[in-house]
Amino acid sequence: MAADPDVTWTEVGRRLGRHRATVAREVARNGGRASYRAGRAHARAQSLRPCRTALLSHDRGLAAKITAHLKTGYSPAGTAHLLGGVCTETIYRAVYTGTLDVKACDVLRSRRHQRRRRDHRATSHFLGAFTSIHDRPAAVTDRVEFGHWEGDLIIGARNASALITLNERTSRTQIVLNLPHGYRAEPTIERLGDWAATMPHNVLKSITWDRGSELAHWESLAMHWGVDVYFADAHSPWQRGQNENGNRQLRYWLPKGTDLSRHAQRDLDAICNVLNTQPRKSLAWKAPNDLYAVHAAR
């Protein structure tokens with residue numbers, strides 16, 4: 001069956017759980033929309049499947065040449081091109097499975113000990129049936145109602161540490177929370193839950209986050225604390241502009257490429273105190289703390 005010309009690549013990708021560019025490339029290399037046939041494309045893909053590492057298990061001469069090239073500093077792609085008769089993927093597999101007499105951390109540019117798992121299914125659906133920022137009430141978007149926050153993480157050196165950053169949209173109040181147990185989904189939602197437990201209902205009504213996996217357990221926050229959780233579009237940081245601007249200011253004290261775990265919560269509170277007591281032009285030269293106090297008392 002030919003590809004339907006009335007259906008966009010974005011829609012096809014959504015149905016298949018693949019990026020629109022992946023779908024477009026697949027159709028383009030198999031005749032285009034007019035002549036694409038799934039069966040024929042599958043047969044072609046099977047015929048082009050990369051050769052297996054068994055080739056190098058049996059052909060020790062070829063394996064030795066590949067090993068020599070890798071130890072010299074050539075990449076798997078460059079080695080495959082020079083030698084011919086073997087594909088790049090086969091060399092990568094041979095390195096990671098131990099078929100060749102080399103260690104991945106010694107010969108690969110990434111220095112990665114283990115190959116990164118590629119699970120395409122998880123990338124699109126780990127948030128479940130979430131609520132999009134486009135369904136957020138106008139009162140939140142227009143900043144006319146207090147108690148709606150934007151949140152994200154800032155990441156430290158070598159992705160080894162992180163902090164939660166939160167900004168209230170109306171008062172521009174900034175809060176930073178430490179993550180002493182890492183920033184995977186469980187410790188992140190637990191830390192947010194601890195913070196939510198200290199907040200009155202009128203101060204915490206909603207949170208808008210990006211689509212990071214650290215908030216995969218967002219339903220726990222919504223269920224236990226009655227918080228509405230909205231998610232911005234992928235790769236659209238401007239949709240959480242208040243938080244992005246706040247993060248840029250925080251980098252004065254928390255520079256990129258530094259270990260963020262060394263900052264105790266009291267240090268983070270001191271930083272936020274400077275930001276929250278500083279008069280701002282966007283607030284008619286009032287300080288975020290002043291507006292926060294007025295709204296919170298209502």
Asks: Would you say that more than 12 heavy atoms from the other residues, nucleotides or ligands in this model lie under 6.0 Å from the NE2 of His134, or not?
Replies: yes
Asks: Could you tell me whether the side chain of Tyr74 reaches within less than 4.5 Å of the side chain of Leu82, counting heavy atoms only?
Replies: yes
Asks: Start with the C-alpha distance between Gln239 and Asp233, add both sets of side-chain angles, then the distance that settles side-chain contact (heavy atoms from CB on, under 4.5 Å), and finish with yes or no.
Replies: CA-CA 8 Å; Gln239 293 180 343; Asp233 294 335; 3.0 Å; yes
Asks: When rounded to the nearest 0.5 angstrom, what distance separates CD1 in Ile66 from CZ in Arg60?
Replies: 9.5 Å
Asks: For the residue pair Asn273 / Asp269, report whether a side-chain donor-acceptor contact shorter than 3.5 Å exists.
Replies: no
Asks: Indicate, with yes or no, if the rings of Trp149 and Trp195 have centres closer together than 6.0 Å.
Replies: yes
Asks: Report the distance from atom CD of Glu26 to atom CG of Asn30, rounding to the nearest 0.5 Å.
Replies: 4.5 Å
Asks: Honestly curious: do Ile155 and Leu163 fall in one hydrophobic cluster under the side-chain, below-4.5 Å linking rule?
Replies: no
Asks: Would you check if the side chain of Asp59 reaches a backbone N or O of Leu62 as a donor-acceptor pair within less than 3.5 Å?
Replies: yes
Asks: Of all the heavy-atom pairs spanning Thr97 and Arg93, show the shortest one and how long it is.
Replies: OG1-O, 2.7 Å
Asks: Minimum heavy-atom separation for Tyr230 to Ile133, with atom names?
Replies: CB-CA, 4.3 Å
Asks: Which heavy-atom pair separates Ile91 from Leu100 by the least distance, and what is that distance?
Replies: O-CD1, 4.5 Å
Asks: Thinking salt bridges, do Asp267 and Arg262 make one under a 4.0 Å N-O criterion?
Replies: no
Asks: Would Leu70 end up clustered with Leu83 when hydrophobic side chains under 4.5 Å apart are linked, directly or stepwise?
Replies: yes
Asks: Kindly say whether Arg280 contributes a backbone atom to a donor-acceptor pair with the side chain of Ser282 at under 3.5 angstrom?
Replies: no
Asks: So Leu283 and Pro288, do their side chains get closer than 4.5 Å, heavy atoms only?
Replies: yes
Asks: Hey, are the side chains of Val140 and Pro137 touching, using non-hydrogen atoms and a 4.5 Å cut-off?
Replies: yes
Asks: Hey, any chance Val203 and Leu275 share a hydrophobic cluster, counting ILVMFWY side chains that come within less than 4.5 Å of each other, even indirectly?
Replies: no
Asks: Sub-3.5 Å donor-acceptor pair from the side chain of Arg251 to the main-chain atoms of Leu254, do we have one?
Replies: yes
Asks: How about Tyr292 and Phe146: are their ring centres within less than 6.0 Å of each other?
Replies: yes
Asks: What closest approach, in Å, do Ala222 and Val229 show between heavy atoms, and which atom pair accounts for it?
Replies: CB-CG2, 4.4 Å
Asks: Would you please test Thr165 and Asp152 for side chain to side chain donor-acceptor pair (under 3.5 Å) and show each step?
Replies: CA-CA 6 Å; Thr165 64; Asp152 196 9; 5.7 Å; no
Asks: Donor-acceptor check, side chain of Glu150 to backbone of Gln242, threshold 3.5 angstrom: yes or no?
Replies: yes
Asks: Are His69 and Ser75 close enough, and set up right, to give a side-chain contact (heavy atoms from CB on, under 4.5 Å), and what steps lead you there?
Replies: CA-CA 8 Å; His69 279 304; Ser75 68; over 6 Å; no
Asks: Should the heavy atoms of other residues, nucleotides or ligands under 6.0 Å from CZ of Arg184 be counted, would the total exceed 12?
Replies: no
Asks: What is the minimum heavy-atom distance between Gly31 and Ser35, and which atoms define it?
Replies: O-OG, 2.8 Å
Asks: Between Thr170 (side chain) and Glu145 (backbone), is there a donor-acceptor pair under 3.5 Å?
Replies: yes
Asks: Is it true that a side-chain atom of His224 and a backbone atom of Ser220 form a donor plus acceptor pair closer than 3.5 Å?
Replies: yes
Asks: If you take all heavy atoms of Asp210 and Phe231, which pair is closest and at what distance?
Replies: O-CD2, 3.1 Å
Asks: Are Trp253 and Val274 close enough that some pair of their side-chain heavy atoms sits under 4.5 Å apart?
Replies: yes
Asks: Going by heavy atoms in the side chains, are Pro187 and Glu214 under 4.5 Å from each other?
Replies: no
Asks: Evaluate the side-chain proximity of Thr88 to Thr90: yes if any heavy-atom separation is below 4.5 Å, no if none is.
Replies: no
Asks: Just verifying a value: how many Å separate Thr67 OG1 and Lys65 NZ, rounded to the nearest 0.5 Å?
Replies: 12.0 Å
Asks: Donor-acceptor pair, Thr188 side chain versus Ala185 backbone, under 3.5 Å?
Replies: no
Asks: Among side-chain atoms of Asn202 and His295, is any donor-acceptor pair under 3.5 angstrom?
Replies: no
Asks: Look only at the side chain of Ser132 and the backbone of Asp135, and say whether a donor-acceptor pair between them is shorter than 3.5 Å.
Replies: no
Asks: May I ask whether Leu221 and Leu166 are part of the same hydrophobic cluster, defined by side-chain heavy atoms of I, L, V, M, F, W, Y residues being less than 4.5 angstrom apart, directly or through others?
Replies: yes
Asks: Find out if a path of hydrophobic residues (ILVMFWY) with successive side-chain heavy-atom gaps under 4.5 Å connects Ile164 to Trp218.
Replies: yes
Asks: Looking only at atom types and distance, does a side-chain atom of Arg33 sit under 3.5 Å from a main-chain N or O of Val27, one as donor and one as acceptor?
Replies: no
Asks: Tell me, do Trp225 and Leu204 make a side-chain contact under 4.5 Å, heavy atoms counted?
Replies: no
Asks: Below 3.5 Å, can you tabulate the donor-acceptor pairs from side chains in residues 173-183 to any protein atom, sequence neighbours excluded?
Replies:
residue: Thr173; atom: OG1; partner: Ser171; partner atom: OG; Å: 2.7
residue: Gln174; atom: OE1; partner: Asn167; partner atom: ND2; Å: 2.6
residue: Asn178; atom: OD1; partner: Arg191; partner atom: NE; Å: 3.1
residue: Asn178; atom: OD1; partner: Arg191; partner atom: NH2; Å: 3.2
residue: Tyr183; atom: OH; partner: Asn159; partner atom: O; Å: 2.9

Asks: Counting N and O atoms only, with roles assigned by atom type, does the side chain of Asp259 sit under 3.5 Å from a partner on the main chain of Ser261, one being a donor and the other an acceptor?
Replies: yes
Asks: If we ignore angles and hydrogens, is there a donor and acceptor under 3.5 Å between the side chains of Arg136 and Ser206?
Replies: no
Asks: With a 4.0 Å cut-off on N to O distance, would you call Arg172 and Glu168 a salt bridge?
Replies: no
Asks: Are side-chain heavy atoms of Leu108 and Tyr96 found at a separation under 4.5 Å?
Replies: yes
Asks: Going by an N to O cut-off under 4.0 Å, is there a salt bridge joining Asp228 and Lys205?
Replies: no
Asks: Quick one: pull up NE2 in His148 and OG1 in Thr208 and give me the separation to the nearest 0.5 Å.
Replies: 9.0 Å
Asks: I'd like to know whether CG of Asp101 has more than 12 heavy-atom contacts from other residues, nucleotides or ligands below 6.0 angstrom.
Replies: no
